[in-house]
Every structure is written in C-alpha cells, then in structure tokens.
Amino acid sequence: MSYWLMKSEPDEFSIDDLVRAPGKTTPWFGVRNYQARNYMRDATRVGDGVLFYHSSCEVPGIAGLAEVASAPHPDETQFDPKSPYFDPKATRANPRWMLVDVKLVRKTRLLSLDELRQRPELADMVILRRGNRLSVTPVTPSEWKAIGKLLARDAG
DNA sequence: GCCAACGTTGGC
DNA sequence: GCCAACGTTGGC
C-alpha cells in the first residue's frame with residue numbers, strides 16, 4: 001500500500017465537489033505532466049491512500065482523505081476538442097494521458113500548508129520542497145501517519 | 001542532443 | 001498580479 005498527495009484547484013474541483021460526486025468518486029482528470037501521469041499509470045494501486053490538497057486558493061492545504069479507486073485508464077478530456085485539456089496528439093488507440101479514479105474517504109478540517117510547514121516530522125514532504133509543482137506526489141507512511149494524527153486532533 | 005525561449009504552476 | 005521555479009518546445 002502506498003500513499004499519495006493529489007492537488008486540485010478548488011475553483012475547478014474541490015473536496016465538496018467530491019462529496020457530491022456520484023459514488024463520491026471522480027476520475028483525476030486534467031493532469032498534463034509526465035511525472036505525475038507516470039505515478040498514476042505505473043505506481044498507484046486500488047486502495048492506496050490519497051491526501052486531497054487544495055492549491056491556488058486563499059488557504060492552500062489538505063482538505064480531505066480519499067483512496068485510489070480504479071486501475072489506470074485514459075483521461076477522457078484529452079480526446080475532447082472542447083476541453084481545455086484536449087491534446088491533439090492523443091488518440092484512443094494511443095492515449096497519452098492516463099489517470100485513476102479517486103474516491104472520498106472523508107472530508108477533513110483544512111490542514112493548511114502553513115500548518116504542514118510547522119511540523120518537523122513533515123519537513124521532507126515533497127509538497128513542501130522549494131519549487132515543487134507536481135500535482136501527484138508520493139507520501140511516505142510516516143508522513144501519512146503524522147498527518148492522520150494532526151487531522152484527528154480536532155473536529156473535521 | 002543542447003539550450004534559449006517560452007509557458008505554466010502556485011504561493012505570496 | 002508578481003515572480004521564482006520548473007517543464008516543454010523547437011531551432012540549430
């Protein structure tokens with residue numbers, strides 16, 4: 001079992017959108033970075049833990065817990081000319097962008113980026129590294145555990 | 001295959 | 001809206 005942090009801009013898809021989604025599940029569409037794609041295509045397994053992270057917003061941070069809920073499959077938005085994520089070089093026979101489905105476990109209190117930075121046990125998190133922009137990043141078991149403790153600390 | 005230019009990300 | 005950091009593109 002592995003753990004991941006996945007970023008989403010809440011203006012586009014927030015934790016509340018996931019709460020309202022059918023089956024509380026969504027394909028993690030729109031990733032257009034090869035390294036992040038490779039994590040989803042090659043490294044995730046059904047049941048892996050996911051930290052749902054809100055980025056590019058007033059208070060960035062972890063907004064909920066989720067899990068990987070499917071095997072990798074093509075991101076449908078790459079085939080849609082009307083989508084901002086359309087990729088003219090992708091074909092159904094040869095899709096370029098793969099994703100997994102993500103299912104809500106629970107919405108949590110907002111564990112802000114600021115609070116994450118204050119925790120010495122989280123100092124090595126990929127998300128906290130200078131210049132990090134990856135939208136899907138691995139989380140270590142000890143980081144996962146530490147975040148679980150922080151989220152248990154008060155009501156979520 | 002190098003690398004400058006350009007585009008994007010994302011916190012501030 | 002700024003801008004540092006980083007990924008991608010494309011000319012050579």
Side-chain angles (χ1 to χ4, degrees), chain A residues 2-21 26-44 48-68 72-102 104-140 142-144 146-151 153-154 156:
Chain A
S2 305
Y3 304 99
W4 308 94
L5 183 145
M6 299 193 182
K7 290 184 200 172
S8 183
E9 300 187 16
D11 285 348
E12 171 147 30
F13 194 93
S14 72
I15 192 71
D16 291 321
D17 292 320
L18 186 58
V19 169
R20 288 190 294 264
T26 183
W28 202 257
F29 64 92
V31 170
R32 294 295 180 268
N33 169 282
Y34 289 105
Q35 198 177 342
R37 177 205 67 182
N38 292 350
Y39 281 134
M40 290 198 285
R41 188 189 63 185
D42 305 333
T44 59
D48 279 0
V50 173
L51 302 172
F52 192 117
Y53 181 92
H54 283 174
S55 67
S56 289
C57 56
E58 195 170 346
V59 184
I62 293 165
L65 300 175
E67 64 184 29
V68 173
H73 58 99
D75 181 340
E76 288 297 316
T77 63
Q78 72 192 300
F79 306 125
D80 178 1
K82 294 192 294 283
S83 168
Y85 300 115
F86 177 61
D87 184 342
K89 291 180 184 157
T91 63
R92 294 227 174 239
N94 213 348
R96 179 180 291 193
W97 304 108
M98 304 292 283
L99 52 67
V100 292
D101 294 351
V102 169
L104 181 75
V105 173
R106 65 185 175 93
K107 182 179 173 179
T108 64
R109 75 180 176 91
L110 186 72
L111 179 51
S112 70
L113 177 60
D114 190 57
E115 188 174 350
L116 295 173
R117 286 196 195 285
Q118 288 173 21
R119 309 302 311 182
E121 67 273 31
L122 299 177
D124 292 331
M125 278 192 81
V126 177
I127 190 78
L128 302 183
R129 285 182 202 156
R130 180 181 172 77
N132 165 71
R133 298 191 321 189
L134 264 189
S135 60
V136 178
T137 54
V139 173
T140 69
S142 69
E143 289 161 356
W144 178 268
I147 287 165
K149 277 187 190 168
L150 291 174
L151 289 172
R153 186 171 284 180
D154 33 47

task = Look only at the side chain of A/E12 and the backbone of A/E9, and say whether a donor-acceptor pair between them is shorter than 3.5 Å.
result = no
query = Between A/H54 (side chain) and A/I15 (backbone), is there a donor-acceptor pair under 3.5 Å?
reply = yes
task = Return the minimal non-hydrogen interatomic distance between A/L5 and A/M125, and the atom names on each side.
result =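 Looks like CD1-CE, 4.1 Å.
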ask   = How would you list, by chain and number, every residue that makes a ring pair (Phe, Tyr, Trp, His ring centres under 6.0 Å) with A/Y39, sequence neighbours excluded?
value =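 With sequence neighbours excluded, A/Y39 shows a ring pair (Phe, Tyr, Trp, His ring centres under 6.0 Å) to A/W4, given in chain and number order.
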ask   = Which residues satisfy the side chain to side chain contact (heavy atoms under 4.5 Å, CB included) test with A/A146, sequence neighbours excluded?
value =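 Partners of A/A146 under the side chain to side chain contact (heavy atoms under 4.5 Å, CB included) test: A/E121, A/L122.
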key: Outermost nucleotides of DNA chain B that come under 4.0 Å of a non-hydrogen atom of chain A   = B/dG7 to B/dC12
